[in-house]
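One structure below.
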Protein chains: 4
Amino acid sequence: MRAYELRPRPEFESLTLVERPSPPVGPSDVRVRVRAVSLNYRDLTIARNAVKRSAPVIPISDGAGEVLEVGKAVSRWRVGDRVIASFFPTWISGSLSDFHHANALGGGRDGMLAEEVVLPETAWVRPPDGLSFEEGATLPCAGLTAWNALFESASLKPGETVLVQGTGGVSVFALQLAKAAGARAIVTSSSEQKRRRAQELGADHVIDYRAEPHWGKAAKAWTGDRGVDLVVEVGGPGTFDQSTAALRYGGTMSILGVLTGTSGPVNTYAIFHHALRIAGVYVGSVEMLERFVRALAATKIRPIIDRVFGFEEVPAAYRHLASGAHFGKVVVRL
Amino acid sequence: MRAYELRPRPEFESLTLVERPSPPVGPSDVRVRVRAVSLNYRDLTIARNAVKRSAPVIPISDGAGEVLEVGKAVSRWRVGDRVIASFFPTWISGSLSDFHHANALGGGRDGMLAEEVVLPETAWVRPPDGLSFEEGATLPCAGLTAWNALFESASLKPGETVLVQGTGGVSVFALQLAKAAGARAIVTSSSEQKRRRAQELGADHVIDYRAEPHWGKAAKAWTGDRGVDLVVEVGGPGTFDQSTAALRYGGTMSILGVLTGTSGPVNTYAIFHHALRIAGVYVGSVEMLERFVRALAATKIRPIIDRVFGFEEVPAAYRHLASGAHFGKVVVRL
Amino acid sequence: MRAYELRPRPEFESLTLVERPSPPVGPSDVRVRVRAVSLNYRDLTIARNAVKRSAPVIPISDGAGEVLEVGKAVSRWRVGDRVIASFFPTWISGSLSDFHHANALGGGRDGMLAEEVVLPETAWVRPPDGLSFEEGATLPCAGLTAWNALFESASLKPGETVLVQGTGGVSVFALQLAKAAGARAIVTSSSEQKRRRAQELGADHVIDYRAEPHWGKAAKAWTGDRGVDLVVEVGGPGTFDQSTAALRYGGTMSILGVLTGTSGPVNTYAIFHHALRIAGVYVGSVEMLERFVRALAATKIRPIIDRVFGFEEVPAAYRHLASGAHFGKVVVRL
Amino acid sequence: MRAYELRPRPEFESLTLVERPSPPVGPSDVRVRVRAVSLNYRDLTIARNAVKRSAPVIPISDGAGEVLEVGKAVSRWRVGDRVIASFFPTWISGSLSDFHHANALGGGRDGMLAEEVVLPETAWVRPPDGLSFEEGATLPCAGLTAWNALFESASLKPGETVLVQGTGGVSVFALQLAKAAGARAIVTSSSEQKRRRAQELGADHVIDYRAEPHWGKAAKAWTGDRGVDLVVEVGGPGTFDQSTAALRYGGTMSILGVLTGTSGPVNTYAIFHHALRIAGVYVGSVEMLERFVRALAATKIRPIIDRVFGFEEVPAAYRHLASGAHFGKVVVRL
């Protein structure tokens, strides 16, 4: 089978198309023909850090495909079934752990950027009916992260207001889910075109964070100075203080991103002055993915795909995501 | 002012139109010109039990109107504001109590079926913009009960399935809220016409409980035998066992009604065999009402009004509700 | 190896001592030499219903022992380790299911009343240091049920009051856990001697339910009419109404028992009049058992053992439990 | 009456003993003869910032005393009752707000460092029986903050491990509450004597953070590398990263202090890598204070008082607290 491997070369030159034997199928395993994968910010970081790797790894966590072969003990899948892979193949339910982290796809172990992938039957989930492979491939990381941020780590209710930062994969899913759940959504973006698209997707209010550096206060003002109920924090330290400024007393920040770095100055007093809740969100478990899929099926949400690249164009796909020009998800078709 | 009082006469003859002085306004009070009230099942019971009362009481908990006069210390209302009254005027937040119960409108103290009503400023809530007085008058009891059953005592999420019994006031609100929140809804009704109207309001599945006495099992089967996530139990003992049969492992029953009585045989083993959660729901607090109003504003839900009666037709309105022919709320315009 | 099987004979004559081959050990399995088992009310019911069984089954869910042999892929256990088995060997975390129910020990599949038992490595848990095999054998069903009733399905806090019905296995564990957690405990019992023993274990108040048929009201009165925060409901329909009468507004009933039957007349109005919460508790998962073990280790609680029987005395042990004369757990040493 | 006022002078010279008329008692008010107050870190900050104040204010939030006079409409208090004041006199239940903040005792409005204090009847709470005025005066801020950090904003269970930073008022209460609730406690302190006293109060493990700058990792190691369940974060930015390093996957940080500042560099990636929960804790409401009092009564916890000063020694009491030499609470007797 053909696959990409990360080799110790600078930037996205690390992406190397290779021929590999397809892995064997154990009694509880399922072999899948991958039809589409989607890229996440994390994939950029991993590719850029490939220089430090001791051994090659197949990148990318998110993929969709169809079942080619099932092990003898497999009961829940049949050849031809459409499936998506869980970002954490070993995290079924309960608490996250070092073990699950070490087995994340495209990081600790080989990922989805290969024609064939073998994983235990419990690592696969049925995507919502009617979604294409390209759409299904957007769900495991960006989609599930947004779901977890709104409905597992937090508990968004109709009539509440969510603030979403920018228009990357997680943020657009968060916007769609918030609207489908009867909530209001505020989207920040420095691009007029992206703000317009956010409004077309239902955003109740948009803020240009370049023109409005105190966008946290501006968001709060828009709620009649009550404050927003939930912020989906994808920026990290560089946006944290504006997020706490936006929140109401007792409001929740679901934090999940590093777009402005992993460490930096933060006002910790603001957290307890307003009795805020902060929830760390790292993708999610297989059971969360199943609940997310049920929500997509009930709400008829369709993932927003920015652009689809061919299998030979993978480095171009990475560069496109790195440019920040996208709105929604960047996908590769296999 | 004119008002109805309950006098010790049989059935709805207890409803007596009288002339009364309007109550005085204390420093923290607000006087309201009532423009519409809505009827609840509880109002029927209270009117029927009027024979046992030692003193007359003005009935009905739910009403909307506009502010006529404010006390000296009042800061949140101005003359002309549109308001609705909280079912429990003294229950602002925290836990329900004997004291709050004793002060429920139209029960422990005078209610809304009067041209003018005086209550503390904290007992009034602003209805969603754009709703008529008739629509606003449906919110405090039936509407808030449905909201509490889905989003305060339970935590309904997109993609989950709610089972709603019948098409009375609470049930229709629960159906509307479930759909606006991205959930699926099953409605039971023995009337083909009502089932059709429920489907027009978004019900994903309907069950004729006369034709299908094991409707709990039928509901579970419709979910692919997984079971529903939430039942809004308005029947009481007569429907309880079907409700537990419908629920998934770990599912929730929000119980709030007595349509089949207050006591009766119940299978308590079913509660723990499926690790169910049961939440008793008794209308809600002022803060819950405010959250409910925000949800209505965000989702653009309009209350379903079955029929509007004139102030002189109050006994006819009671009889109409008692007939069970209604779909949604029965309202009186003042 | 020697084991007891349930054969289709009346009452406890169904318990039959047999010689059986020890089951094989698969790659992820662990073979354990059972040293002690404890009996639960459920074991009585299963033995009495053995007449209806199509095939023999080894009874009893609760046992402790030491590891004799581990499969090739086993990483967490070594020969000689002390272990207890989870009541539901397949329920690791997340939600209970039909599948887990069908695999409960001593019910859907062979249980612990055998010299050797083989289960997957994930089904075994390390008991607290310093506990004997007899003490360890009391934890998986009665102990974990009490833990779940207080701290998983409910969230008991210091200063709250728990009402415990009687002095069977679950109730005595609940009493010990409540006291170790800084709560107050009320115990009901018709035996003066048992009430005295409950007080020695820390019960703050005891009620003779024979002398005080309205013991729910009596319990509430003892709290200064505020009501208890949590009831551990082991009786079922026959005690349900007294339990709701004992609870405060917003209080919780953890329901888990059938001592008075599986169905019967219940006042469902009381549930919502006081905005009660009812939580169905069916033993618990492996992860809950691990948390329970940590709690025992931190609090130095020692299980209360009523009496220890020899392996040949198993029918006598069953009869002793059935007599209701016990206080705490009935154990068999192998 | 005699009282201290903060006047615009440097440092603790701002504390000025004055003669003032006792405030009038409205219909719902209660006049109390203050018998003891306790100092908190916040009181130091307010005294130091007195220079910026436009008008004098009576400092200190925490006090205990006995009822001298009740207003006409007061129903819950009688002359002679022993009471403590709530830090936020207007925050009864529900959510914190700007309004409640603006009415905090000794900050937005006059506090407790006066012979007589008048507050609405709902602002007073009955302390546990058997506590002296000095002990009662330690509860409203430090005690309630610790309670909130463990049992309102978090939900500490028996067998869990709490990490407590230092031996100030909040930390010592948190240690006592954790032990009384069946949890384990780790205490950090650079003083050998304070570490020994912490152990005498039940600390299961102590860490010298000077000798062990990576005390977060050390704490995690002590738990067998599982991580602690809860950190009571009193330091702020300077301790934050060690606190996240100490926590288990899904663990909780209750953050409430500014001992190392209000802003500073923080690793926000650590929050979501381990799916942590952070809860901002700002003292608590009247209802929380009532629950805390019930917990103290049930557990027989006695507040740890470091030293008691006389009314004329108030500036010395402030200086003693500022020195950091204390273990537990600094109290002034009136």
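Note that the coordinates shown come from a computational prediction; the quantities given were computed from them, not determined experimentally. In what follows, chains carry the letters A, B, and so on, assigned in the order in which the sequence lines appear, proteins first and then strands, with residues in each chain numbered from 1.
Both the backbone and the side chain of D:A297 come within contact range of chain C, with heavy atoms under 4.5 Å apart.
Contact tally against chain D (heavy-atom pairs below 4.5 Å) for C:G182, C:A181, C:S155: the top residue is C:A181. Ranking D:R184, D:K179, D:R291 against chain C, the residue ahead of the rest is D:R184, based on heavy-atom pairs under 4.5 Å.
One distance of note links NZ of D:K157 with CG of C:L177; it measures 12.0 Å at 0.5 Å rounding.
Closest approach of D:R294 to C:R226, counting heavy atoms only: NH2-NH2, 3.0 Å. When all heavy atoms are compared, the tightest approach of C:W147 to D:P158 is CH2-O, 3.4 Å.
By the neighbour-count criterion of 12 heavy atoms within 6.0 Å, atom CG of C:D225 is densely surrounded, having more than that number from other residues, nucleotides or ligands.
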